[in-house]
Each structure stands twice: as C-alpha cells, then as structure tokens.
*Asks:* 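Input: one structure, supplied below.
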Amino acid sequence: MNWISNYVRPRINSIFSRRETPENLWSKCDGCGTMLFHREISDNLNVCTSCGHHMHITPRDRFYALFDGGVFNEIAVPEPITDPLQFRDQKRYPDRMKAAQKSTGEKESMLVAAGEIGRTPIIAAAQDFSFMGGSMGMYVGNAIIAAAEEAVKLGRPLVLFSAAGGARMQEGILSLMQMPRTTVAVQMLKEAGLPYIVVLTHPTTGGVTASYAMLGDVQIAEPNALICFAGPRVIEQTIREKLPEGFQRAEYLLEHGMLDRVTDRREMRKELIMLTRMLMQMPPPTWGDLPAPGNETPAK
Amino acid sequence: MTHYLDFEKPLAEIEGKAEELRAMARENEDMDIEDEAKALDVKADALLKDLYAKLTPWRKCQVARHPDRPHCRDYIDALFTEYMPLAGDRAFGDDHAVMGGLARLGDRPVVVIGHEKGNDTQSRIERNFGMARPEGYRKAIRLMEMADKFGLPVVTLVDTPGAYPGKGAEERGQSEAIARSTEKCLQVGVPLITVIIGEGGSGGAVAFATANRVAMLEHSVYSVISPEGCASILWKDSDKMREAAEALRLTAQDLHRLGVADRVIPEPLGGAHRDRQTAIAAVGASIAAMLADLENMDGKDLVDARRKKFLSLGSKGLAA
C-alpha cells in the first residue's frame, strides 16, 4: 500500500502532468543560460549538465533519488492550528497557504520520511523552498520534532535538508518560537546519541540558520548555496559598502570555518551513506543501485 | 527635557504651556498663574491617560524604543549590588552590546545578562545600539555555563532591535552563535528568567529569552521581525509599519494571551521613561517573584519544565 501510494502513484501522476504541460519540457539554467531538456535535468538531480549549477529540487524528488529504490514512508506531522493570529497583509494568510498548496501540490513546506539509504535506515526531513519560501512556522517545528521523535524511537540518524528564507512572518511570534522548539528536537537526538546531519541547500537564511540548521553534528552544504543570518541586501544597506565576491555562499562559509564540507548534490547520497554508517558504527556499505528493501527488511 | 513621541504632540503643547506659565511666574512674582497651570496639568494628565489607555501596536513599538526608557544598565545599577561585569568570549573579542556578569539580588548571587542600547550618541555607538555580534552571544553562553557550574540563577534583560547585520558578524557565525545561545538556555540546570524591558527583536532576543519564565513590561514588544521589515517584505512598502505592527501581534498583551509571556509588568502612566524609579522597582519585584516561583525545583526539573513549556507553545491561537 505504501509502496503504491508513495511511489507508483506519484510517478504515474507526474508522467501525466508532464504530458499535459509540454511548454515546460525545456528550461533554462539560471547559472549559464543553457537550454536543458527536462529529462536531462531530472536525471541529473536538477543540476545543470553544462555548468554544474544546482537548481531547486523538491523534497519529494530529492527523496526519490536519496532512498534505496526511491521508496520511503512519509511520517505524519501533527497539524498545528491554522492561522493562529488571523494574519492579514495584502492577502489573508489562509489564502496564501491555499495558493502555495495549489502550486506545489504539497500540504506544507516540510516533508519527513523514513527509509533506507545504502541499506542504512534513516529518518530524513527536507524543506521546500517553493512553498512560501520554505518558511518556518509551527508546521515545520512540528515536522522536525516528529522527525526527531521517530529517529529516537527507531534509533536512527536524522538527515535534514534545509532551505528557507527564515521564519514565517504570518505566524508572528509563534514562528519565532520554533527556534527553541526545534532546538529541543535536536537535543533529543543528541541525548539519544544519534547523528544529526544537516545539509544546507540554497538558500538557508534567518531564523532557520540561527536554530536547527546550524546545530548538526556534521554540517554539509550544496555548492554556491546562500547561507546566512542577515541577507546580503540588508547588510549592504547597513554598512553601505559592497560585499566581497561569494560572500555568504557555501564555499565562503567553508573557508571561514562554519561548515564541514561543501558537496555536489550528485555525490550527496554516497557521502550521507558513508557518514551515517561510520557514526553509527556500522560495517562499510555495499555500493550500487540498490532496489527497494524487501519485505523481510521493511523500511519502517 | 522630555522627549515627545509624534503621537504625544498635543500633550507636548499642553505641558509646554504649563511650563511656560510657571517660568513666567518665576520671573514675575506678582503673577498668580498657579490655578491656570494646575488646570493645564489636569488636562495633560487626562490626555496622557487617554493616549496610553489605547496605545496601538505601532505606538507601543515607539514607546518600547523611547530613548529615555530605562535600559539594561539602569536596571542592573538599581536592582543589583556588587555587580561585577565579566568580559569577552575567549575567542575573538568583547561585545559591548551585551552586558553581563556576577551580581547580587538581595543577598543571593546571580548571573545577569542583557542587551544595552546606550543613552547618548557616544554610548550608543559603543553599544552598537544594542545589536549584538557573535561575540556577545558567545559571552552569554560562557556566563550561562558558569552559572550552571556554580548553581547560580540566570536573569536576562532583553532590549535589542535584533542581532547585528554586519559583514564581520556573518563571517564569524552570527547564526551559529544565536543557535548555540538558545541551545545553552535550554540546557542550564539553574533557574533562568527573562524580562523583556524594551524591544525583543527576533532571533537576537530568543537567544536570551528561552527561559523558564518570561515577563514583559507593559509597553515592550517582542516580534519575529520589525514592523518596518515586515511591511517592506509583505506590503512592499516600509511605510506600512502601522499595519504590520497590528498584524504581527507583538504587544505584551497579545503575547501573554498566546502564552509566550508569562506575566506583564505594569508601567507607570505614560511609559517607563516618565517614572523610571517606579518602573525599575516593578521589574525588581517581578524578578524576585519569578525566582521564588522556581525555588523548589532541582536542575532536571528546571530543564524539563523549560523544554515542555516551549514544546507546548502554539497550541492556542488568538481566535478563541
């Protein structure tokens, strides 16, 4: 059932939706401007085949590529109350939510799943920048807490892919309170002696960087990802000078001692397998394209 | 000289007139203006009461940022004895936007940490307007560790527009420093209490305010983003800060209803800056009460209760 709902159905749906939108068959790389065929991009994990620029990838597509055989079980996230502040700017918050849900086909800006990578059982969480800028509200807080609790329950490492503009303003102070809430989640993992690996993707900024995204045992970033607390525009306005080339990009942070590694998305799965297995004191991995775990070892 | 906020202009006129009359009377002894001046005083009082009875969220922000409002240093000087500032993060430098050290509250030794904005041009620059850099948060972490080691309660006083958005601050890991400071707040096995005395600006405030008890002064604010910043992003117009302040629910009263603030400390009529002594004494009483509340809890209980408190936040909205 899970295999059907998580794997077969979305794949079938995506085939049909692709057929319905032939105008999206080609897209332009934001890095070098090369026109790329959609299959070429998706087969390469949304990394430009010509210049290596890392384009946006949805949590679902990332998980298909990450987990053995593309199989994972979504972990249910407790629903927070909707629109706690009855927030309204030029649009009502519930209307913004509905628009984001419609355009992404997702319920919220984070996906949590259990599965295996190179036969290593893990919990993974990924943030969706295309859903309201990936912003951290109560749902994201609940998702990270659910992910940590599941990891502790099953004794698995947690791998978290961050991508967000910051806290979700429409939830006001309650979004800010996700900083301590998610920090508690990280502490649960640490107390259980389980690895917490953060993969920072473009962009990870604001309150997200200043909480769970900077508290990993190992901090990895994708190439050229913008990672910061205050964005470059805000800083330029404050100090009134031009910032150096590459400022706040992954490589710059690596050079300043803020990251362990900068890793190409196409190599990420391999590195995560090696890392999690070593930290969990498991034997070396078996390499190769692994099929989905069989029934005798269900990916719980 | 009193510094008037824009919405206090009518008040400034009345109070100015009364002051003028009294100045005239001082020069000219046969003039009897006292009745008239008193009438103006009554009028000014009524107006002040009226203005402050229904402060809009944006006006609260203005009061919270009032230049004459008592700052961290004023509270430390008045409420604590034997204050011994301790400096530095042992890695890079000492951040003057963050004050901290050992002090006694009554007889009881505590660690006190807070943001200081400064009172005049020179001290404001020295204090970087209360905007801390990574060194400030790392100093706070170090002081919290010391408190934990020696079993001293921690009192934090929050008053910051936010963490400093600067080149060096980013290079030295502003976000990591804030994350670690929040983490440290959640770890210490001693009572940790916070008073938001002015502005609670986003992550820069959370780093100190992840506490067992959080009190807010009546006209203080605490928000995920400044109203100006929110307006420029969501309204694409930074002049819409009034609307943004309204929508963000950043007042002490709203935060109390949401469970983020445990108590609201009443301010003297017209704000803390109009009667500093009374405001400072009220904060002192509140600190004492909050510490007394936590007196019988051991280290593990304090950590567990703190975690539970933050995990359960957000279970109720404002709608009910």
Side-chain angles (χ1 to χ4, degrees), chain A residues 80-91 138 141-142 145 166-181 183-187 204-215 227-232 234-235 237-239 241 243-244 247-248 252-253 256-258, chain B residues 162-167 169-183 185-187 200 202-207 209-210 222-225 229-231 233-236 240 243-244 246-250 254-255 258 260-261 306-311 313-319:
Chain A
I81 46 172
T82 47
D83 196 14
L85 308 185
Q86 302 180 314
F87 192 98
R88 189 194 177 110
D89 48 85
Q90 288 167 312
K91 274 187 197 165
M138 291 191 289
N142 286 358
I145 292 165
R168 187 171 292 170
M169 284 175 284
Q170 290 87 348
E171 292 182 16
I173 194 78
L174 295 176
S175 68
L176 193 67
M177 290 302 115
Q178 304 315 310
M179 291 174 64
R181 288 185 89 228
T183 305
V184 172
V186 175
Q187 286 179 330
T204 301
T205 71
V208 169
T209 333
S211 57
Y212 59 89
M214 271 293 162
L215 295 172
I227 302 159
C228 59
F229 181 66
V234 176
I235 297 174
Q237 280 163 14
T238 311
I239 62 172
E241 58 179 278
L243 293 165
F247 183 67
Q248 298 179 321
Y252 196 90
L253 266 83
H256 282 81
M258 293 299 147
Chain B
Y164 184 60
K167 180 170 168 280
E170 289 286 322
E171 284 171 346
R172 297 192 298 276
Q174 185 73 292
S175 31
E176 197 259 2
I178 293 171
R180 295 276 171 215
S181 184
T182 310
E183 188 184 38
C185 284
L186 285 162
Q187 281 169 342
S202 194
V206 171
T210 305
Y222 187 11
S223 179
V224 64
I225 186 169
C230 179
I233 297 171
L234 290 181
W235 277 263
K236 316 260 181 267
K240 296 276 191 227
E243 287 85 340
E246 198 87 40
L248 281 167
R249 310 284 188 171
L250 42 63
D254 275 339
L255 298 187
L258 286 166
V260 174
R306 209 179 293 132
R307 280 189 181 190
K308 221 173 123 195
K309 172 187 168 174
F310 283 91
L311 284 181
L313 269 185
S315 50
K316 58 174 183 175
L318 286 174

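Within every chain, numbering begins at 1; the chains are lettered A, B, ... in the order of the sequence lines, protein sequences first and strands thereafter.
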*Asks:* Please flag which part of B:Leu250 lies under 4.5 Å from any non-hydrogen atom of chain A: side chain, backbone, both or neither.
*Replies:*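 Neither the backbone nor the side chain of B:Leu250 comes within 4.5 Å of chain A.
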*Asks:* Most heavy-atom pairs under 4.5 angstrom with chain A, which of B:Leu311, B:Thr210, B:Leu248, B:Thr182?
*Replies:*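 Most pairs with chain A among the choices: B:Leu311.
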*Asks:* For B:Val206 versus A:Met177, what's the shortest heavy-atom pair and its separation?
*Replies:*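 Nearest heavy atoms, B:Val206 then A:Met177: CG2-CE, 4.4 Å.
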*Asks:* Show the nearest heavy-atom pair for residues A:Met179 and B:Gly203, with the distance to one decimal.
*Replies:*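 Result for this residue pair: CE-CA, 3.8 Å.
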*Asks:* Of the backbone (N, CA, C, O) and the side chain (C-beta and beyond), which part of B:Leu234 lies under 4.5 Å from a heavy atom of chain A, both, or neither?
*Replies:*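 When you check distances to chain A, atoms from both the backbone and side chain of B:Leu234 fall under 4.5 Å.
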*Asks:* Can you tell me how far the CD1 atom of A:Ile173 sits from the CZ atom of B:Arg249, to the nearest 0.5 Å?
*Replies:*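 These two atoms lie 13.5 Å from each other.
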*Asks:* Is there a donor-acceptor pair under 3.5 Å between the side chain of B:Glu243 and the backbone N or O of A:Asp89?
*Replies:*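 Here the side-chain-to-backbone pair does not exist.
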*Asks:* Of all heavy-atom pairs between B:Val224 and A:Met169, which one has the smallest distance, and what is that distance?
*Replies:*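 Reported closest heavy-atom pair: CG1-CA, 4.3 Å.
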*Asks:* What's the shortest heavy-atom distance between B:Pro165 and A:Ala230, and which atoms?
*Replies:*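 Result for this residue pair: CB-CB, 3.5 Å.
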*Asks:* Among the options A:Met138, A:Gln170, A:Glu171, A:Gln248, pick out the one with the most heavy-atom pairs lying under 4.5 Å from chain B.
*Replies:*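 Highest number of pairs under 4.5 Å: A:Gln248.
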*Asks:* Do you know which two heavy atoms are closest between A:Phe87 and B:Cys230, and how far apart they sit?
*Replies:*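 Heavy atoms only, the tightest pair is CZ-SG, 4.4 Å.
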*Asks:* Roughly how far apart are B:Glu170 CD and A:Ile235 CD1, rounded to 0.5 Å?
*Replies:*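 Rounded to the nearest 0.5 Å, the CD-CD1 separation comes to 4.0 Å.
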*Asks:* Considering residues at least two apart in sequence or located in another chain, which fulfil the ring-ring contact (aromatic ring centres under 6.0 Å, His included) criterion with A:Phe247?
*Replies:*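 A:Phe247 satisfies ring-ring contact (aromatic ring centres under 6.0 Å, His included) with A:Tyr252 only.
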*Asks:* Heavy-atom distance under 4.5 Å to chain B: side chain of A:Thr238, backbone, both or neither?
*Replies:*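 Just the side chain, heavy atoms under 4.5 Å.
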*Asks:* Quick check: do B:Ser202 and A:Leu176 have side-chain heavy atoms less than 4.5 Å from each other?
*Replies:*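 B:Ser202 vs A:Leu176: side chains touch.
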*Asks:* Counting C-beta onward and ignoring hydrogens, is there a side-chain heavy-atom pair between B:Leu258 and A:Leu85 closer than 4.5 Å?
*Replies:*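 Yes, at least one pair of side-chain atoms sits under 4.5 Å.
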*Asks:* Where do A:Thr183 and B:Phe310 land on the side chain to side chain contact (heavy atoms under 4.5 Å, CB included) test, with the steps shown first?
*Replies:* CA-CA 10 Å; A:Thr183 305; B:Phe310 283 91; over 6 Å; no
*Asks:* Examine whether an atom of B:Gln187 lies under 4.5 Å from a heavy atom of chain A, and if so say whether it belongs to the side chain, the backbone or both; otherwise answer neither.
*Replies:*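 The answer is both parts of B:Gln187.
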*Asks:* For chain B, which candidate among A:Ile227, A:Leu174, A:Thr82 shows the most heavy-atom pairs at distances under 4.5 Å?
*Replies:*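 Answer, by heavy-atom pair count under 4.5 Å with chain B: A:Leu174.
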*Asks:* Shortest non-hydrogen contact from B:Ala163 to A:Phe229?
*Replies:*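 Shortest heavy-atom separation between B:Ala163 and A:Phe229 comes out as CB-CE2, 3.6 Å.
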*Asks:* Side chains of B:Arg306 and A:Pro180: closer than 4.5 Å at any heavy-atom pair?
*Replies:*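 Not in contact.
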*Asks:* Within the distance-only criterion (no hydrogens, no angle test), does the side chain of A:Gln187 pair as donor or acceptor with the backbone N or O of B:Glu183 below 3.5 angstrom?
*Replies:*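 Indeed, once roles are kept as given, a pair shorter than 3.5 Å links the two residues.
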*Asks:* Please evaluate residues A:Leu215 and B:Arg180 with respect to the criterion side chain to side chain contact (heavy atoms under 4.5 Å, CB included), reporting the C-alpha separation (whole Å), side-chain torsions for both, the decisive distance (0.1 Å), and the verdict.
*Replies:* CA-CA 7 Å; A:Leu215 295 172; B:Arg180 295 276 171 215; 3.5 Å; yes
*Asks:* Check each atom of A:Arg181 against the heavy atoms of chain B and say whether the ones under 4.5 Å are side chain, backbone, both or neither.
*Replies:*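 Looking at A:Arg181, backbone and side chain both touch chain B.
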*Asks:* With sequence neighbours excluded, tell me which residues meet side-chain hydrogen bond (donor to acceptor under 3.5 Å, both in side chains) with B:Lys309.
*Replies:*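 Only B:Asp262 meet the side-chain hydrogen bond (donor to acceptor under 3.5 Å, both in side chains) criterion with B:Lys309.
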*Asks:* With a 4.5 Å cut-off on heavy-atom pairs, point out which of A:Ala210, A:Gly207, A:Ala167 contacts chain B the most.
*Replies:*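 Top option by heavy-atom pairs under 4.5 Å: A:Ala210.
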